[in-house]
Amino acid sequence: MASRQDPHGPHDPDLQAEVMVPSAVDDIDDSSYVSGLPGFLGVIDVGIARIEAFLLAVGVLLMAANTMANVIGRYVFGQSLFFSEEVNQALIILITFAGISYAARHGRHIRMSAIFDAVPPAVRKPLMILIALVTAAAMFLLTWYSLDYVMTQASRGRLLPALQIPVWWIIVWAPLGFFLTGLQYTLTAIKNLIHKNIWLSTSTLEGYDNEREEEV
Amino acid sequence: MSTMIFGTMIVLLLLGFPMMIPLLAGSLIGFVMIFGGIDQLGTMVQQILGGIRPASLIAVPMFIFAADIMTRGQSASRLIDLVMAFVGHLKGGLAVSTAAACTLFGAVSGSTQATVVAVGGPLRPRMLNAGYKDNFVLALIVNASDIAFLIPPSIGMIIYGVVSGTSIAELFIAGIGPGLLILVLFSIYSYIYAVRHNVPTEPKSTWGDRGRAVQRALWPLGFPVIIVGGIYGGIFSPTEAAAACVLYALILEMVVFREMNVKQLYATAKSTGLITAVVFILVGAGAAFSYVISFAQIPQEVLGAIGIDQMGPYGVLATISIAFFIGCMFVDPIVVILIFVPIFAPVVDAVGLDPVHVGIIITLQVAIGSATPPFGCDIFTAIAVFRRPYWEVIKGTPPFILILLCVSVALILFPQIALFLRDLAFAK
Amino acid sequence: DTWRYAFEEAMDEVQGVFAQKFKEEIEANSDHEIQLFPFGTLGESADVMEQAQSGILQFVDQSPGFTGALIPEAQVFFVPYLLPQDEDQLASFFENSVAINELFPPLYEEQGLKLLTMFPEGEVMMTTQEPVTSPEDLNEVKFRVMTNPLLVGSYQAFGATPTPLPWGEVYGALQTGIIQGQENPAFFIESTKMYEVTDHITRTGHNNFTTAVMANLDFYEGLSEEDKTLVQDAIDVAFDHIIEYQKGLTEESLAKIKEAKPSITITTLTEEQRQPFMDTADEVEAEFLEIGGDQAEEILNQLKEDLEAASGES
Ligand code: NA
Ligand code: NA
């Protein structure tokens with residue numbers, strides 16, 4: 001986010017353009033990510049984080065390419081790619097479930113923190129542990145039932161009408177995403193138990209610190 | 001049952017749980033109470049997946065992506081410079097331009113969420129620079145995006161038209177009046193805000209500066225051409241226009257302006273994916289929650305209890321407004337329309353209301369609901385995109401909500417606000 | 001008990017009328033109560049079907065075309081010019097067809113569903129921006145069809161450019177011109193206002209929209225003999241009702257459309273004009289045999305026999 005630089009200054013358009021270029025603070029640097037897990041498990045976890053990031057980026061790029069390909073197909077070749085919609089469905093599911101775990105790692109899930117922020121730290125810490133544990137439990141519950149749902153789909157043999165591939169292929173990400181998210185929240189609870197401070201995720205301290213703009 | 005569900009959701013929300021948890025808890029309790037156990041949770045997963053899958057939602061990540069590329073590169077700032085060259089010297093000029101941009105973009109894209117991102121993304125930093133307070137800026141963006149529902153094309157009106165058997169063409173035309181009225185009122189409020197908070201203006205640009213700004217913005221002016229021309233011209237669906245914007249933005253920033261390299265592209269795509277996921281899991285959880293409300297026939301229960309069939313036309317319209325307003329605070333607007341319209345249809349018929357008038361009132365409430373706490377989807381989107389706390393995003397909304405409520409009342413009392421254009425166009 | 005019944009249309013469209021009659025019959029003759037869930041209130045077609053399979057819903061109405069992903073044979077109803085074009089023949093066809101009454105039920109049972117009945121919902125018509133009298137007129141026309149290989153194949157064979165679009169976007173796309181045509185039964189064209197954004201309705205007689213009512217199999221088999229009879233009787237009454245209801249419905253819907261938009265043209269193609277469309281059917285039949293599952297051939301042949309029997313009767 002652009003910082004507020006001298007709002008009353010002269011307005012040279014070129015300078016303005018420079019000010020507007022968002023700083024990279026918002027982007028998550030995967031190379032500096034530290035896992036909440038120790039030792040070898042931590043190495044695997046960092047690997048998973050990299051894969052999640054990769055799936056997010058590639059998912060979005062493929063979605064743009066796929067949507068454009070459909071337009072080009074329709075106008076240039078007079079052929080709609082009638083599987084295009086299903087490919088996008090597959091991608092949005094992939095993005096969502098790779099993303100919820102990635103968001104949990106980096107404390108990016110949306111929450112309403114007004115009251116939470118107002119209570120004293122002594123209450124905030126146990127509350128954060130409770131939140132992390134309950135969230136983890138909910139994620140594991142959904143892991144189980146989404147696995148169950150995927151298996152049911154597989155057993156019924158439902159096919160995607162255009163692609164003619166089994167539906168369950170595109171939804172396997174759901175149990176995986178829920179599980180990894182549950183794992184992240186479990187680690188967050190543990191991190192809060194054994195470390196000082198209040199942690200939103202294993203790698204993020206609470207607060208919108210790095211870019212909190214002062215209230216005027 | 002309803003008390004328990006809504007109570008739990010509010011408590012979890014206020015305690016600071018990730019927002020997906022209150023929504024998931026609402027449906028979890030519902031499933032357990034309806035089916036006496038957790039055996040049917042597979043269906044809850046089905047609804048979550050069903051909620052994120054609709055093809056028309058793909059426009060949202062695509063517009064997020066395009067807007068992110070434009071903002072990181074030069075396209076967005078060149079476009080805004082152009083606007084500023086013409087309105088920068090006017091009190092509240094930038095705020096009014098933002099409201100107008102939301103209206104235009106929202107009208108065409110039909111998506112309030114995409115509007116929050118595509119217009120808010122580039123314009124918010126500039127408004128902050130210009131001296132507007134963030135809570136005003138966020139509230140303006142979130143609420144001005146409502147107009148997306150009222151000006152055609154509008155998915156909400158199409159669904160209403162189909163369910164109620166009302167002419168969609170008439171609905172489309174009737175939405176324009178209230179949509180523009182809201183824009184005018186928001187503009188007036190923005191002007192008053194700028195005066196009261198003494199937001200500084202820039203010196204008036206010379207025609208030479210303006211010419212230079214136009215020249216600099218020539219390439220980026222392709223975006224409005226793609227979006228407005230592409231969609232109204234019948235070349236693209238809104239989703240495709242979004243993807244075309246992505247492609248165009250990439251060409252501009254990577255080839256023409258050379259502002260972005262492959263590494264930055266990767267980072268942008270990743271950030272888009274992250275925002276998408278955080279918003280879409282809420283859309284999915286919201287769909288599961290809608291299912292419970294629909295399945296347990298809670299609206300029928302509640303509405304049956306208040307005796308709507310005893311009311312006169314104004315009573316009916318007021319009840320409809322309130323019901324849709326409250327419904328959309330918690331549940332996906334489309335689902336609210338699908339469930340509520342058939343319930344109200346007989347009463348609307350009985351008191352002899354114009355279904356087009358009713359449809360516009362409903363569309364307005366749906367739009368307001370999408371920007372209203374606790375679970376309005378535009379609020380989620382704003383939080384995810386701008387990375388501001390929930391409270392800050394909603395803090396500035398009361399004046400806007402008040403304006404929208406005034407428009408609602410005016411629309412009930414003076415149907416001509418909506419029907420004037422319709423009657424003109426269809427010679428009624 | 002409370003039984004739940006979901007269908008794919010609004011309350012006052014054909015499936016809704018059937019469901020309401022069914023509900024009325026059940027509630028008049030027993031202590032059971034039926035809750036109706038119209039289009040969209042419990043998710044999309046595929047979702048609702050799964051809910052019926054897992055027993056959350058007791059009854060579901062779904063068009064075989066949508067069931068195709070689950071029961072490939074059901075897509076046979078998308079093969080053009082297979083069903084009788086005459087209304088009386090059609091009713092007797094559905095009542096007496098061996099394929100529908102004997103071959104299909106076991107296929108549905110494999111998916112945990114008891115097939116209660118199938119019924120027609122009306123002749124499918126094209127609505128387009130330009131008049132259509134021959135396949136040449138569809139050349140390059142971007143035509144919205146449901147995402148089903150056979151429908152896509154049919155319109156490809158007709159010479160159009162089949163374009164998949166989510167239902168919510170069809171109206172807007174016709175208005176702006178992204179697509180120039182779509183197909184549906186007359187009552188649906190009327191209720192969804194498709195005529196507002198197209199100028200020509202063409203009756204090519206290539207299909208009649210078909211739908212099927214099913215119960216969850218475990219639920220149905222767990223019913224007492226008395227309740228089974230109750231359900232069957234209610235289905236029979238609703239079937240007769242819907243056939244009666246539909247007599248003249250197409251003409252009525254078309255009249256309403258004409259009244260709302262006098263400039264619209266409604267053209268019924270002659271036999272000669274239909275012939276080139278009919279000639280493309282073989283291609284689609286071949287495709288059905290390829291993707292229609294193990295019993296595709298048996299079902300197709302039986303349906304053709306049933307068709308002959310039905311045309312002999314009237
Ligand atoms: Na719109
Ligand atoms: Na909004």
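Naming convention: chains lettered A, B, ... in sequence-line order (proteins, then strands); numbering from 1 in each chain.
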Heavy-atom count around [X] [atom1] within 6.0 Å, excluding the residue itself: above 12?
{"X": "C:Glu109", "atom1": "CD", "result": "yes"}
{"X": "A:Phe54", "atom1": "CZ", "result": "no"}
{"X": "A:Asp29", "atom1": "CG", "result": "yes"}

Given a strict heavy-atom distance threshold of 4.5 Å, which part of [X] is in contact with chain A: side chain, backbone, both, or neither?
{"X": "C:Gln156", "result": "side chain"}
{"X": "C:Gln75", "result": "neither"}
{"X": "C:Glu140", "result": "neither"}

Among the listed options A:Gln164, A:Arg156, A:Gln153, the residue most often paired with chain C at heavy-atom distances under 4.5 Å |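 Most heavy-atom pairs under 4.5 Å with chain C: A:Arg156.
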Mind checking whether C:Ile178 and A:Arg74 have side chains closer than 4.5 Å, heavy atoms only?
->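 Side-chain contact under 4.5 Å: yes.
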Under 4.5 Å to a heavy atom of chain C? For A:Phe77 that would be neither
Go through C:Glu110, C:Lys142, C:Glu50, C:Met49 and name the one with the most non-hydrogen pairs under 4.5 angstrom from chain A.
-> C:Glu50
